[in-house]
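Beneath this line is the structure, given in structure tokens, with notes to follow.
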2 protein chains.
Amino acid sequence: MVLYKYSEELAGSALPLSNNLYSMLQRDILTNKLKEGEKLTEQRLCDEYEVSRTPVREALRQLEINGLVENIPNRGSFVVGMSEQDVKDIFDLRKINEVQAVRWAIQRITEEEMTALEETFEFMEFYTMKNDIKKMININRGFHQIISTACHNRMLEHMIDSYQMYTRYVGEEKPKPDDYLQVLLEEHRRIFQAFTEKDEEAGAKAMEEHIANCKLRQCGE
Amino acid sequence: MVLYKYSEELAGSALPLSNNLYSMLQRDILTNKLKEGEKLTEQRLCDEYEVSRTPVREALRQLEINGLVENIPNRGSFVVGMSEQDVKDIFDLRKINEVQAVRWAIQRITEEEMTALEETFEFMEFYTMKNDIKKMININRGFHQIISTACHNRMLEHMIDSYQMYTRYVGEEKPKPDDYLQVLLEEHRRIFQAFTEKDEEAGAKAMEEHIANCKLRQCGE
DNA sequence: GATTGTATAATTGTATACGAAAATAAAATT
DNA sequence: AATTTTATTTTCGTATACAATTATACAATC
């Protein structure tokens, strides 16, 4: 079942998530194709994305909820976007919440979830060996996804899932050092090991360092 | 300016936020008027809320983002709703994040924000004296709002603001003990005092206990 | 009787139409 | 020339229309 999931992505194109208008606009804002402060005229989006106003408006309202767009009544929608500071701040946020998630997950993980986590980690080892960064990025998401599910706090899971997207495209085309995947793998190994040993403190520490490192790698300094 | 804000609410009706369709549906899901699993046919919502399908669809898509509604393509929208466990979980989430917010806020609060916080706290004292629960609930929101702003982490502020709504209607018509406002005021006094003394640890502790108490008061046990 | 196939109705997804508000351009006034 | 006023255009907010999909009802078959 987990195997199926990754082989599906493996078979499919490089593009991970659905390409509905909402995701596309999200991507284009986060990758700065649509710039901070820019006005998003509905008709313009209709033309550029080749859809009618109804789906455009629906997407804009969704973007408004997660703060990527600001809507001023009767005046229009404006890109809010994310500053470099915002991105750093989100890594700090993710750190707090995902550290807590690991703690709860280690306490509450089911056998089935543990199997999935194990399988996923093995995939990570495999694709590190193959040096396939693209696959690793997808599997990495899966790894964290399993943890956020395993903490059995539906709202924390929801929060982690929705905040993950803000940092999704950060440092995407930044050149990676040769040992990038090895380092990433070792960070995940420490997290995974904390699960096998049911060591909450070790898990919390490993996750905290992992996200701190992600922040360093992707934001620099 | 802060004064204006509250006097505006004072003059206005009891209903705090805007009564657009999104807020109304949100309220009706969270107060269980629309029940878990219930299908939300667009036409039915048009009839019941007396609007056309366009705003209905926009609202449904927004509710989907914050997880109150699930949308299955070509089949429709279904109420997800919140279990009692979810509500408890959210208080735990809020605890983690608002404790962190207090820490950062104590470090980073501006003079202007400090003045606003002071003013707000004085309003709390005033309405506790007047024993006006409705006003206190609004001002309470304002108090926490100022803190989430003062932490100067735009994304944490956004998170706190959006998660606040999940517990907004919880225990609303539950009878309150006689000393309810006094107790609430004292909890806030401890938080406020931590700000005046710039004591991060005291602030964190006060906020943690405050939210734990909110959970106790509103969820019981 | 249960199951499959077909016709009908209901519902969603998208496009378009129209009134209202705002932005812009042009004309009139100081 | 600068400012105000008016007219025009653009854009938003909402309603409605139509095609595509799904659900339902009913008949036919096993």
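Within every chain, numbering begins at 1; the chains are lettered A, B, ... in the order of the sequence lines, protein sequences first and strands thereafter. The basis for the numbers below is simple: all heavy atoms, side chains too, and nothing from hydrogens, waters or symmetry mates.
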Does a side chain donor of either A:Thr167 or A:Arg94 reach within less than 3.5 Å of an acceptor in the other side chain? yes
Would you check if there is a donor-acceptor pair between the side chains of B:Asn66 and B:Gln62 at a distance under 3.5 Å? no
Would one find a side-chain N or O of A:Ser52 under 4.0 angstrom from OP1 or OP2 of C:dA15? yes
Rounded to the Å, how far apart are B:Leu45 CG and D:dT14 P? 15 Å
Could you check how far CD of A:Gln43 sits from P of C:dA17, rounded to whole Å? 12 Å
Which is true for A:Thr54 with a 4.0 Å heavy-atom rule: it touches a base, it touches only sugar-phosphate, or it touches nothing? base
Rounded to whole Å, CZ of A:Arg53 lies from C1' of D:dT14 at a distance of 9 Å
Fit a plane to each ring of B:Phe121 and B:Phe192, take the angle between them on a 0 to 90° scale, and name the class: parallel (under 30°), tilted (30 to 60°) or perpendicular (over 60°). parallel
For the residue pair B:Asn153 / B:Glu157, report whether a side-chain donor-acceptor contact shorter than 3.5 Å exists. no
Starting at CD of A:Glu42 and ending at P of C:dT16, how long is that distance when rounded to a whole Å? 15 Å
Pick the closest DNA chain D nucleotide for A:Thr41 and for B:Val51 by heavy atoms, then say which residue is nearer the 5' end. A:Thr41
Specify the separation, in whole Å, of atom CD of B:Glu50 and atom P of D:dG13. 21 Å
To the nearest angstrom, how far is B:Leu60 atom CG from C:dT11 atom P? 14 Å
Establish, from distance only, whether the side-chain atoms of A:Asp89 and B:His152 form a donor-acceptor pair under 3.5 Å. no
In whole angstroms, how far is the C1' atom of C:dT14 from the CG atom of A:Asn20? 14 Å
Taking atom types as modelled, find out whether B:Asn97 and A:Asn97 have a side-chain donor-acceptor pair closer than 3.5 angstrom. yes
Could you check how far OH of A:Tyr49 sits from P of C:dA15, rounded to whole Å? 16 Å
Using a strict heavy-atom distance below 4.0 Å, which residues from residues 63-77 of chain B are in contact with DNA chain C? B:Pro73, B:Asn74, B:Arg75, B:Gly76
Which part of the nucleic acid, if any, lies within contact of B:Arg61, taking any heavy atom under 4.0 Å across all strands shown: a base, the sugar-phosphate backbone alone, or nothing? sugar-phosphate
For A:Thr110 and A:Glu113, does a side-chain donor sit closer than 3.5 Å to a side-chain acceptor? yes
